[in-house]
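Quick notes on the structure that follows.
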Amino acid sequence: MENKKTDTASALKDIISHAKEYGFVFPSSEIYDGLQAVYDYGQNGVELKNNLKTVWWKAMTMLQDNVVGIDASIFMHPLTWKASGHVDSFNDPMIDNRDSKKRYRADTLLEDRSALLEDQGKADEAKALMQHMAKCLDAGDLEGVRQLIIDQKITCPVSNTANWTEVRQFNLMFSTQVGAVSEDASLIYLRPETAQGIFVNFLNVQKTGRMKIPFGIAQIGKAFRNEIVARNFIFRMREFEQMEMQFFVRPGTEMEWYATWKETRMKFHQALGLPADSLKFHDHDKLAHYANAAVDIEYKFPFGFKEMEGIHSRTDFDLKSHQELSKKKQQYFDPEINENYIPYVVETSVGADRLFLAILCNAYTEETVGEGEQEKQRVYLNFHPALAPVKVAVLPLVKKDGLAEKAQEIVKEIKFAFNTTYDEGGAIGKRYTRQDLIGTPYCVVVDYQTMEDQTVTIRDRNTMSQERISIADLKEKIGHAVSMERIFEKLL
RNA sequence: GCGAAAGUAGCUCAGCUGGUAGAGCGCGACCUUGCCAAGGUCGAGGUCGCGGGUUCGAACCCCGUCUUUCGCUCCA
């Protein structure tokens with residue numbers, strides 16, 4: 001048996017086609033030509049995604065003594081985003097140079113010019129320029145900002161020309177209104193990250209849960225970003241789901257926890273079946289305004305190693321900022337050292353959709369089986385049994401002679417324990433293939449011997465080998481193999 | 001946002017120089033068969049992404065637009 005995996009760009013196309021054809025991912029509103037960077041999960045996709053969310057949730061909360069979950073709402077008080085820095089840093093006025101095709105932040109161009117003026121000893125002029133720019137930006141006067149760039153005769157460092165486009169505001173947060181009357185409505189945002197829902201509930205959870213530092217709060221939820229450019233299928237979407245955990249620690253201990261969580265999270269991805277050589281850490285060179293250390297866990301997607309999970313040491317930036325803006329103390333009293341402090345935070349944040357894509361890409365297997373004239377291609381999805389959308393398909397070898405009825409009896413017996421499907425249409429080989437294509441790990445076949453001795457064959461997806469077992473043992477044997485415990489035991 | 005390529009049945013794709021839409025696979029029913037995508041018969045499924053234009057006539061030519069992929073750019 002020879003495994004063949006294409007690393008080329010066509011690999012992603014094959015996976016996208018497969019995802020659509022077999023009910024994993026559909027383009028959103030496809031009958032209206034789709035909506036850019038938005039996708040829907042189909043009947044098999046939702047099962048896989050739910051399994052991923054469940055395994056993450058349990059690994060975080062059930063397996064950790066000191067992590068609990070919450071589910072915060074998508075709408076949050078507008079000041080939340082002021083405190084988090086998103087209002088300021090998620091709103092960039094951008095300008096393009098038509099000759100070099102390069103894009104710049106308009107405010108950065110002017111700030112650079114201001115610094116240059118100052119170097120030339122024209123401090124007054126520099127200050128006036130900054131004030132003028134601030135006035136324009138506050139008023140939303142983008143044309144005014146462009147005029148400043150032109151008046152200053154700022155040119156593109158690449159093309160050396162001043163052939164500028166208009167200044168456009170790229171607001172990465174989606175906004176909407178709350179309130180019935182639009183004039184009275186106040187602007188609110190769809191959250192661009194789920195983390196803030198945890199920070200604003202930090203004390204609620206700590207007090208009601210009698211949590212002692214170090215402890216964590218986990219959450220799974222949707223977040224929204226108005227991406228300028230969306231690429232690579234479900235890798236970058238405008239509406240996406242995050243699975244993240246904020247871990248609150250005593251200041252000064254954050255780097256130890258950062259190292260611990262790095263290791264824990266890497267182990268998790270490997271336990272799901274992602275191979276070690278397809279995963280790597282990537283340290284951030286440039287740190288975000290809130291972080292003092294940041295690393296990505298990258299997966300080798302068909303389009304290269306890309307971020308799947310981020311692990312950030314967020315310091316006390318968020319809680320401190322919320323404390324300042326809300327004027328509510330965000331302190332924790334640490335009885336061990338008899339001190340009040342704002343905890344430091346270590347965040348682990350994985351994109352549920354990216355993990356889904358990684359698992360799907362990794363599972364997609366093209367394989368040549370048989371030899372000589374018997375040789376043929378087969379495709380199957382090699383999911384960990386605990387993650388597979390369907391765990392077992394029960395197939396009567398033929399429809400007649402009571403085999404179908406017998407098979408349906410078996411389905412009735414085991415369908416409470418795990419996701420079971422029944423298929424009697426077409427030749428047995430075709431039905432095996434149907435299950436391979438959606439990654440079902442086991443096929444149970446009812447044949448003539450079943451009618452005599454109450455045994456069935458059970459076929460393994462990867463090896464295609466069969467084993468005969470008693471119907472009475474089915475539930476336990478399959479149940480054991482498809483249990484998430486098979487993943488959890490690798491985490492210890 | 002810029003540049004390039006693409007868009008025809010669920011999927012993969014044909015479709016000549018402009019002349020009223022095709023195949024394979026898949027799907028459904030029935031027959032035959034019975035362990036790895038078997039055969040037969042019948043059938044469902046398409047305003048050729050969408051909107052304009054040119055033309056007697058457009059899947060095909062022109063313009064616009066949407067979507068996707070790739071390269072830039074962006075990614076607190």
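Protein chains get the first letters and strands the later ones, always in sequence-line order, with residue 1 at the start of each.
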Exercise for the section: Step through it carefully: locate the ring centre of A/H269, locate the ring centre of A/Y299, and say whether they are under 6.0 Å apart. Expected result: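 Centroid separation for A/H269 and A/Y299: 6.0 Å or greater.
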Exercise for the section: Establish, yes or no, whether a centroid distance under 6.0 Å links the rings of A/F301 and A/F303. Expected result: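 For A/F301 and A/F303, the ring centres are under 6.0 Å apart.
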Practice task
Could you tell me whether the side chain of A/S28 reaches within less than 4.5 Å of the side chain of A/Y39, counting heavy atoms only?
Solution key: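 With C-beta onward as the side chain, the pair stays apart.
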With a 4.0 Å cutoff (strictly under), does any side-chain N or O of [X] reach OP1 or OP2 of [N]?
{"X": "A/K430", "N": "B/rC27", "answer": "yes"}
{"X": "A/S17", "N": "B/rU12", "answer": "yes"}
{"X": "A/K20", "N": "B/rC11", "answer": "yes"}
{"X": "A/Q466", "N": "B/rC35", "answer": "no"}
{"X": "A/R434", "N": "B/rC36", "answer": "no"}

Handout entry: Closest-nucleotide 5' rank along RNA chain B - winner of A/L35 and A/V445
Key =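 The residue closer to the strand's 5' end, by nearest nucleotide, is A/V445.
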Problem - 5' priority, RNA chain B, between A/L397 and A/N232 [closest heavy atom] - result: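 Nearer the 5' end of the strand: A/L397.
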Exercise for the section: Pick the P atom in B/rU32 and in B/rU41, then give their distance to the nearest Å. Expected result: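 After rounding to an integer number of Å, I get 16 Å for this pair.
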Practice task
Determine the interatomic distance between C1' on B/rA21 and the same-named atom on B/rC35; round to the nearest Å.
Solution key: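 Looking at atom C1' only, B/rA21 and B/rC35 are 40 Å apart.
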Problem - Basic-acidic side-chain contact under 4.0 Å: A/E413, A/K475 - result: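 A/K475 and A/E413: not salt-bridged.
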